[in-house]
Amino acid sequence: MSEYFDRTADKTYTKVYKTETPDILAAFAAFDQAVFAPEGRAIPLKYRELIALAVGITTQCVYCIDGHSQNAVTAGATEAELAEAAWVATAIRAGGGYAHGRLAFKLGEDARPHEH
């Protein structure tokens with residue numbers, strides 16, 4: 001998916017949202033601004049940005065990784081914190097594979113011949 005990533009040109013397509021669904025775009029922008037407000041939240045901005053970075057890594061969204069890594073650094077995150085956020089994302093993604101992999105055993109039972 002990263003081969004489609006163009007930091008500058010991709011933003012021009014926001015015009016479709018602005019033209020076709022301006023009310024939803026405005027609601028989303030207000031929501032996003034509230035989530036990432038610099039002040040007034042229980043979790044400091046740096047940590048919210050590191051959480052967002054980890055989620056972006058987990059979902060493999062290059063736009064999220066780009067924006068939230070920069071925002072985290074601007075909010076004071078160090079390279080060590082970026083690295084740990086990446087490892088947390090990796091652990092969660094791998095853990096999900098492990099946990100959901102058990103479903104193969106459970107669901108595979110449906111295909112086994114049953115003894116009568």
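All of these numbers come straight from a predicted model, not from anything done at the bench.
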Donor-acceptor list for residues 99-108 side chains, cut-off 3.5 Å, not counting sequence neighbours:
{"unit_1": "H100", "atom_1": "ND1", "unit_2": "G96", "atom_2": "O", "d": "2.9"}
{"unit_1": "R102", "atom_1": "NE", "unit_2": "A99", "atom_2": "O", "d": "3.3"}

Same cluster (ILVMFWY, side-chain, under 4.5 Å), F31 and L45: yes

Nearest heavy atoms of A77 and L82, plus distance in Å: CB-CD2, 4.5 Å

Pairs involving residues 86-100, ordered by first then second residue, that meet salt bridge (charged side-chain N to carboxylate O under 4.0 Å, His left out) (sequence neighbours left out): none

All pairs passing salt bridge (charged side-chain N to carboxylate O under 4.0 Å, His left out) where residues 28-46 contributes a residue, at least two apart: K46-E81

V73 reachable from V88 in the ILVMFWY side-chain graph, under 4.5 Å edges: no

Heavy-atom pair with the smallest gap, counting every atom of I65 and S69: O-OG, 2.6 Å

Side-chain atoms of residues 48-55: list all donor-acceptor pairs with protein atoms under 3.5 Å, sequence neighbours left out, distances to 0.1 Å.
{"unit_1": "R48", "atom_1": "NE", "unit_2": "I43", "atom_2": "O", "d": "2.6"}
{"unit_1": "R48", "atom_1": "NH1", "unit_2": "V35", "atom_2": "O", "d": "2.6"}
{"unit_1": "R48", "atom_1": "NH1", "unit_2": "A37", "atom_2": "O", "d": "2.9"}
{"unit_1": "R48", "atom_1": "NH2", "unit_2": "A37", "atom_2": "O", "d": "2.8"}
{"unit_1": "R48", "atom_1": "NH2", "unit_2": "I43", "atom_2": "O", "d": "3.3"}
{"unit_1": "E49", "atom_1": "OE1", "unit_2": "H68", "atom_2": "ND1", "d": "2.5"}

Salt bridge (Lys or Arg N to Asp or Glu O under 4.0 Å) partners for D66, two or more places apart: R7

Please list, one pair per line, the donor and acceptor atoms closer than 3.5 Å that link side chains of residues 14-23 to other protein atoms, with sequence neighbours excluded.
{"unit_1": "T14", "atom_1": "OG1", "unit_2": "K11", "atom_2": "O", "d": "3.0"}
{"unit_1": "T19", "atom_1": "OG1", "unit_2": "K15", "atom_2": "O", "d": "2.9"}
{"unit_1": "T21", "atom_1": "OG1", "unit_2": "Y17", "atom_2": "O", "d": "3.3"}

Within 6.0 angstrom of F36 CZ, more than 12 heavy atoms from elsewhere: yes

Between CZ on residue F5 and CG on residue D10, distance to nearest 0.5 Å: 7.0 Å

Residue pairs fulfilling salt bridge (charged side-chain N to carboxylate O under 4.0 Å, His left out) with at least one residue in residues 52-61, sequence neighbours excluded: none

